[in-house]
Amino acid sequence: MPSYVVVGSQWGDEGKGKIVDVLGEKADMVVRFQGGNNAGHTVVVNGKKTVLHLLPSGALHPNAKCIIGPGVVIDPFVFLQEIDALESQGFDSSHILISDCAHLIMPYHIKLDMLQEERLANNKIGTTKRGIGPCYADKYTRIGLRVGDLIDFETFKKRLASTLAIKNEQITKLYREEPFDYDKLVEQFKEIREKLYDRIIDSVTVVNEALDSNQHVLFEGAQAAMLDINYGTYPYVTSSSPTSAGVCEGAGVSPHKLDKIIGVVKAYSTRVGEGPFITELNDENGAKLRKIGNEYGATTGRPRRCGWLDLCVVKRAAVINGLTDLVITKIDVLDSFEKIPVCIAYEINGKRTTAIPSSLEEYAKAKPIYEMMDGWCEDITSIRCYDDLPENCKKFLAKIEEFTKTKISLVSVGPDRENNIVIHEI
Ligand code: IMP
């Protein structure tokens, strides 16, 4: 069946780019359906490393059309920078297209993201400060500007004038900062319009036609289930739905058309930004995971918080997304640990549960209940076949399958493209 959804099953940074790389080989189309330039993945183009934040990693498969879908919020300055970076390395970007319904992240959204975080002080979300939240807020307040508004520039100018009046009032009266200049924004966006014009499409029609003609379509998620606006650890979440349901909403595709829903799971846990993280390790094991796993944010450079694998989190992702397959990444980072605790339940107010409470106050009380697994204490990066994995590593994988009731189809045992073990063909 030809449509694949790839989503994060923890707090993001699970290494989704790796599986997209594998699946991208056969994709005719790659679609991003939510989020914005808060994501981050390092890609190698013509031998040179480039970090992409907005463009999906699947954009690098030049034979696949790449669509920035309606549910995405797009910073046009970042979009053009990323296109320039790729083109300067000899990459043809004419296959990268943008939905007319995607919302524009405006310079005032970035300013407001910063001001709001500062104002929240100790209660800050720890956002990437890229204007994501304020842009989605305007979308739902129905004062946002969409990529399609650029087509008729007079309409764009009118909508900008009306929205900017509200935004400037917030900026000057609430935060006592300088307002944004309307004429300057108009000039900037006139230029942006010219550069984006040929890429603006009705993506809903284009994506559905591709699906209906049996093309391989890959929906590439950013962030992950625990950062979902509805089901994550609210308010310490992002502002979109990085789930399979998010594909339907953010790409305009029926759930009937989603065939494989692949959840990417890192063999341990990491989180950037604030919010509860029950298996977090503030000790030498956490530091060791960070060092071996090189756990620093690709977007912000922040050191990621590290901890043991939390299967309650992964199970929730499996349920919410209806995962058909799991991909386990960075399992080689655990190679030198003699004991590997895996969280299989929480104790909250003296009661055992695997559910994640919606109240953060309740969740903060959770104590992890671990199953202690034996490590394998050998380098597995050169292994390419499941049967050759050490027994303890197989037991670790079996525990994940048993707990989540989802089969593991691929295991990544190292950073390189070929460091993969295929268990089931996806
Ligand atoms: P925002 O998406 O910039 O509003 O940030 C909200 C929360 O989501 C913060 O905790 C961010 O660190 C987190 N976040 C956003 N994008 C990513 C990502 O790609 N990986 C990991 N965390 C992310």
Side-chain angles (χ1 to χ4, degrees), residues 6-20 32-43 51-58 71-75 78 82 103 105-106 109-120 122-140 220-243 246 250 263-266 268-277 280 290 293-307 310 313 317 329-330 360 363:
V6 175
V7 286
S9 306
Q10 291 149 307
W11 282 278
D13 309 310
E14 295 91 355
K16 294 179 278 293
K18 186 87 194 264
I19 173 69
V20 168
R32 243 197 101 172
F33 54 93
Q34 46 77 224
N37 56 310
N38 44 351
H41 32 258
T42 307
V43 292
V51 182
L52 295 180
H53 298 288
L54 174 61
L55 297 177
S57 41
V72 175
V73 288
I74 163 167
D75 181 329
V78 173
E82 294 193 355
H103 274 248
I105 298 180
M106 302 296 288
H109 289 136
I110 301 167
K111 181 84 181 173
L112 283 166
D113 201 352
M114 289 177 189
L115 292 171
Q116 187 173 313
E117 282 285 90
E118 257 168 50
R119 193 183 160 105
L120 283 169
N122 290 341
N123 295 322
K124 72 176 192 299
I125 309 297
T127 73
T128 57
K129 298 188 180 158
R130 302 298 194 262
I132 309 292
C135 182
Y136 275 113
D138 279 4
K139 169 176 174 170
Y140 290 104
E220 182 177 333
Q223 294 89 43
M226 290 302 278
L227 291 173
D228 181 274
I229 184 77
N230 292 305
Y231 309 108
T233 48
Y234 190 88
Y236 300 102
V237 291
T238 192
S239 311
S240 61
S241 294
T243 58
V264 185
V265 179
K266 184 144 61 179
Y268 50 97
S269 307
T270 61
R271 177 167 200 168
V272 276
E274 311 302 317
F277 179 4
E280 181 168 13
R290 186 175 305 110
N294 190 25
E295 295 295 353
Y296 295 89
T299 299
T300 57
R302 290 180 285 183
R304 295 181 184 137
R305 300 157 68 193
C306 296
D310 185 339
V313 163
T329 59
K330 295 186 111 170
L360 284 197
Y363 196 31

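One-based numbering, in listed order, for ligands and for the atoms of each.
Lys124 and Glu274 are joined by a salt bridge, as a carboxylate oxygen and a charged side-chain nitrogen come within less than 4.0 angstrom of each other.
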May I have the step-by-step check of side chain to side chain donor-acceptor pair (under 3.5 Å) for Thr127 and Asp113, ending in yes or no? CA-CA 8 Å; Thr127 73; Asp113 201 352; 3.0 Å; yes
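In this structure Glu82 satisfies the side chain to side chain contact (heavy atoms under 4.5 Å, CB included) test together with Leu52, His53, Leu54, Leu55, Val78, sequence neighbours excluded. Legend: residues meeting ring pair (Phe, Tyr, Trp, His ring centres under 6.0 Å) with Phe277, ordered by chain and number and at least two apart, are Trp11.
Residue pairs meeting the salt bridge (charged side-chain N to carboxylate O under 4.0 Å, His left out) criterion with at least one member in residues 293-302, sequence neighbours excluded, are Lys266-Glu295, Glu295-Arg304, Glu295-Lys330.
A donor-acceptor contact closer than 3.5 angstrom links the side chains of Glu220 and Ser57.
In this structure, ligand 1 sits under 4.0 Å from heavy atoms belonging to Trp11, Asp13, Asn38, Ala39, Ile125, Gly126, Thr127, Thr128, Gln223, Leu227, Val237, Thr238, Val272, Gly273, Arg302.
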